[in-house]
Protein chains: 4
Amino acid sequence: MAPRTNEQFEQIRAESKTKILVAALELFAIDGYHNTSISKIAKHAGISKGLMYNYFASKEQLLKEVVILSLEDAKKMSEQLLQNLEEISPTEALRLSLELFFQMLIENKTLWKLTFSLAMQISNMPSVTAVISKMFEDILQQFEMVLQLNGYSDYNIEAKLLAAHLDGIALHFLIFEKTYPLEEVKNKLIANYCK
Amino acid sequence: MAPRTNEQFEQIRAESKTKILVAALELFAIDGYHNTSISKIAKHAGISKGLMYNYFASKEQLLKEVVILSLEDAKKMSEQLLQNLEEISPTEALRLSLELFFQMLIENKTLWKLTFSLAMQISNMPSVTAVISKMFEDILQQFEMVLQLNGYSDYNIEAKLLAAHLDGIALHFLIFEKTYPLEEVKNKLIANYCK
Amino acid sequence: MAPRTNEQFEQIRAESKTKILVAALELFAIDGYHNTSISKIAKHAGISKGLMYNYFASKEQLLKEVVILSLEDAKKMSEQLLQNLEEISPTEALRLSLELFFQMLIENKTLWKLTFSLAMQISNMPSVTAVISKMFEDILQQFEMVLQLNGYSDYNIEAKLLAAHLDGIALHFLIFEKTYPLEEVKNKLIANYCK
Amino acid sequence: MAPRTNEQFEQIRAESKTKILVAALELFAIDGYHNTSISKIAKHAGISKGLMYNYFASKEQLLKEVVILSLEDAKKMSEQLLQNLEEISPTEALRLSLELFFQMLIENKTLWKLTFSLAMQISNMPSVTAVISKMFEDILQQFEMVLQLNGYSDYNIEAKLLAAHLDGIALHFLIFEKTYPLEEVKNKLIANYCK
DNA sequence: AATGAATGAGCCTTCATTCAT
DNA sequence: TATGAATGAAGGCTCATTCAT
């Protein structure tokens, strides 16, 4: 066989890396960062323990990249909304924003669980914290804009309140899972905000 | 010489136990449960590693008692409110409840940090989870009552919304600490709820 | 009250010591030496951990004295037999010796268990081993004498065989306990030796 | 470089595992299970402490495998006898059985020591006990058969007596080692049984 | 004589990380 | 690129022993 080209190597690398990241995300979110060993991740990803260190300098670095990757995904989703924002009424935009949040919450429970568990736990992992903070600011800005469009005078502080509200709901939902009446809470919240 | 009296032993025990509980609470809250080793706790408390096991059967049991102790403190505070609840107007009661929450949040940052960090991390520690869940239910009931008195028809689901709102605010406050405009958020929240 | 006399102190000491020895024997025999902690022994004896060190320099020393005490008891029993040995026929003496052995085995299962478990385990505890060896020699001499009286020419080596036979039976009985047909084995053995 | 082939890994594993098993057998037999720490075993085997857990799930599992391995060796030896059993006279078969026992005792002192020391100490380790019991039953059956062929009417109970006799001799030999007249005892025993 | 709180060495075990191949 | 055997520090926990009272 002809030797692999650089592109082929590059692709193999990318595939392996992705496999590892996906496996790590799943395990971190379900079992928590500390309860997930490199061994488990390697097995789950179908690769060897040693290979992991070929792509990530340490377990902490892997965590950081998991978070980055996940948040990028989330951002992509939310940007879809923004594209159409100008074509619809402000109220509708707000409603859509909220609907989007709940949709993402349900569809990415794993990621949310991970994010929350990290948020409270990694004062000693600044690089990871920074990534999470950055994303939070982005979301806040979006909310400010949408609330401003909806005529909220205190949109600055109201955005913070809304963000807190949503994160609080997410937190409770993730803790109580099946017993939490997410649908009712969501409807009530939207009703309250979009009147 | 004669051995110590029972009272003397009791006092020594109480002091040591408290020392350990306090040290554990601080470290658990700052570094998280998994990042806090028994060694660290012992050093922080100024005792030997082995002594911990004289008072707590395991690290998990220590955590449980830390949580219980902290929640008892919190409960005492909140009960102060309930005493006067019937003498004041419903609106005032709601305002007081919210004020109380923020006061407790500020005064017991450590406990809140611990609670949140635990909430996402200890699905496999039923005994601890149970204690936290119990407290959450208690708070929820209080909110339901106060909201009902304030004429909220959907007081059931509104209580859940309020609880989420408060926990969300607490979460953000604990993450961003000094940069979080807690006072403004608090005033706005109270204004929104007590109109 | 008048101060205690020396005799009273002496008696208290003796009682405490005995309590500890008895407790230790029971626990050592049931759970094994290594699985029995000083704490357990103290609790079982109804005294404090510290007091034990008032009477025994170490756990190993305690073990040694337990063994000595137990073997002395055993010796007393066997000496009862010897007293009457001259009044009965040699065959009867042999039968009685064997009967005595089985009786002691059944009545002192605890001690036997302990002895066996020690015998194989304490090459690194010479002081204890010495005591056990000494007793074994004593027993062997008795057997030699009785076998000689019964006309065994090779009484020297036959005594060793007999001792081994009895210890083997004891070993199996202690391992299999209820399922071991001790009575049948005993009758057959006696029948074989006393014909 | 290319990773090792499966065969290479297999061989490395086999070698390490054997090193550990051999080291463990020796130390368990000499010092007893409880007095032998994983650290000691690792040092004795010339490997790191952690590596043991790459091959054995726990110290108890290691013990179990040590016992199994040893008993397999023993079984192989005894099966050599059975092959020729039908070609020789019953008396000769019995004599051979006994000779074999003594040969195995001398050649596998370590294993015997281990077996005895375990027999009295591991009532709380069912998995290990089961293996040992199984082997004992096998041996008993063999004895029953051979004794029956030799015309013993009570071969059932006589087999138990014989097994006890042999184990008793082994026990004494292992305790007193060099000072025990094993050869004389063996000859006398065979003489007694094969007349 | 008696107590039990306190110590600290040592135990079994886990796991991130390295390295020879 | 890829493997997994090997390491060693660290973790939770036990327990014989000491010591102030």
Side-chain angles (χ1 to χ4, degrees), chain A residues 4 8-9 12-13 16 34-42 47-60 62, chain B residues 1-6 8-13 15-17 34-42 47-60 62, chain C residues 4 8-9 12-13 15-16 34-43 47-60 62, chain D residues 1-6 8-13 15-17 34-42 47-60 62:
Chain A
R4 288 194 186 83
Q8 282 176 315
F9 273 126
I12 291 176
R13 278 192 70 83
S16 289
H34 285 99
N35 281 324
T36 303
S37 68
I38 297 288
S39 277
K40 272 192 214 160
I41 296 173
I47 54 130
S48 74
K49 240 187 324 183
L51 190 57
M52 212 225 76
Y53 286 86
N54 219 318
Y55 297 106
F56 305 94
S58 67
K59 192 185 174 188
E60 184 175 333
L62 169 61
Chain B
M1 245 177 274
R4 289 185 183 82
T5 63
N6 272 354
Q8 283 173 311
F9 277 129
E10 201 54 51
Q11 197 194 335
I12 291 174
R13 287 188 67 80
E15 277 171 16
S16 289
K17 206 173 170 180
H34 286 105
N35 277 322
T36 304
S37 69
I38 298 289
S39 278
K40 275 191 209 164
I41 296 173
I47 55 138
S48 73
K49 229 180 353 175
L51 189 59
M52 205 226 81
Y53 291 89
N54 220 321
Y55 297 101
F56 305 94
S58 66
K59 192 186 174 188
E60 183 173 337
L62 170 60
Chain C
R4 287 194 184 82
Q8 283 176 312
F9 273 124
I12 290 176
R13 279 192 69 85
E15 278 172 13
S16 289
H34 286 100
N35 282 323
T36 303
S37 68
I38 297 288
S39 278
K40 271 192 213 160
I41 296 171
K43 198 170 288 170
I47 55 130
S48 74
K49 239 186 325 183
L51 190 57
M52 211 226 77
Y53 286 86
N54 219 318
Y55 297 106
F56 305 94
S58 67
K59 192 185 174 188
E60 184 175 334
L62 169 61
Chain D
M1 245 177 272
R4 288 187 184 80
T5 63
N6 271 355
Q8 282 174 313
F9 277 129
E10 203 53 53
Q11 195 194 334
I12 292 175
R13 286 187 67 81
E15 277 172 16
S16 289
K17 206 172 170 183
H34 287 103
N35 276 323
T36 303
S37 68
I38 298 290
S39 277
K40 274 191 211 164
I41 296 173
I47 55 139
S48 74
K49 226 180 356 173
L51 189 59
M52 205 225 82
Y53 290 89
N54 220 319
Y55 297 101
F56 306 94
S58 65
K59 192 187 174 186
E60 183 173 337
L62 169 60

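- By the salt bridge (charged side-chain N to carboxylate O under 4.0 Å, His left out) test, B:Lys49 is found to be paired with no residue, residues two or more places apart in sequence or in another chain being considered.
- We find that CD1 of A:Ile41 is positioned 17 Å from P of F:dA2, with the value rounded to whole Å.
- Across all non-hydrogen atoms, the minimal contact from A:Tyr55 to A:Ile12 is OH-O, 4.4 Å.
- Scanning all heavy atoms of the two residues, the minimum distance from D:Asn54 to D:Arg13 falls at O-NH2, 3.6 Å.
- Protein atom CD1 of A:Ile38 is 17 Å distant from nucleotide atom C1' of F:dA6, rounded to whole Å.
- Nearest to the side chain of C:Ile12, among E:dA1, E:dT21, F:dT1, sits E:dA1.
- Contacts between residues 48-57 of chain A and DNA chain E, defined by a heavy-atom separation below 4.0 Å, involve A:Lys49, A:Tyr53, listed by number.
- By the side chain to side chain contact (heavy atoms under 4.5 Å, CB included) test, B:Gln11 pairs with B:Glu15, sequence neighbours left out.
- Nearest-nucleotide positions on DNA chain F place D:Arg4 closer to the 5' end than the other of B:Thr36 and D:Arg4.
- A straight line from NZ of D:Lys17 to P of F:dG4 spans 17 Å, rounded to a whole angstrom.
- Listed by chain and number, the residues in a salt bridge (charged side-chain N to carboxylate O under 4.0 Å, His left out) with B:Lys59 amount to none (sequence neighbours excluded).
- Of the candidate nucleotides E:dC12, F:dA16, F:dG11, E:dC12 has the atom nearest to the side chain of D:Lys59.
- Stem analysis of DNA chain F (at least three stacked-register Watson-Crick or G-U pairs, each with both distances under 3.5 Å) gives E:2-21 with F:2-21.
- In terms of the side chain to side chain contact (heavy atoms under 4.5 Å, CB included) criterion, residue partners of A:Lys40 (sequence neighbours excluded) are, by chain and number, A:Leu27, A:Asp31, A:Ser37.
- Distances from the side chain of A:Ser58 to the nucleotides E:dT17, F:dT17, F:dT3 place E:dT17 closest.
- With sequence neighbours excluded, the residues that form a side chain to side chain contact (heavy atoms under 4.5 Å, CB included) with C:Ser48 are C:Leu51.
- Distance B:Gln11 CD to E:dA6 P: 12 Å, rounded to the nearest Å.
- Between the CZ atom of D:Arg13 and the P atom of F:dA6 there is a distance of 8 Å, rounded to whole Å.
- By the side chain to side chain donor-acceptor pair (under 3.5 Å) test, B:Glu60 pairs with no residue at all, sequence neighbours left out.
- Legend: residues meeting side chain to side chain contact (heavy atoms under 4.5 Å, CB included) with B:Glu10, ordered by chain and number and at least two apart, are absent.
- Rounded to an integer number of Å, the gap from CG of B:Asn35 to P of F:dA10 is 14 Å.
- Nucleotide F:dT3 holds its P atom 17 Å from the CD atom of D:Glu10, rounded to whole Å.
- The nearest whole Å value for the distance from the CZ atom in D:Phe9 to the P atom in E:dA20 is 14 Å.
- Counting any heavy atom pair closer than 4.0 Å across all strands shown, C:Ser16 reaches sugar-phosphate atoms only and no base atom.
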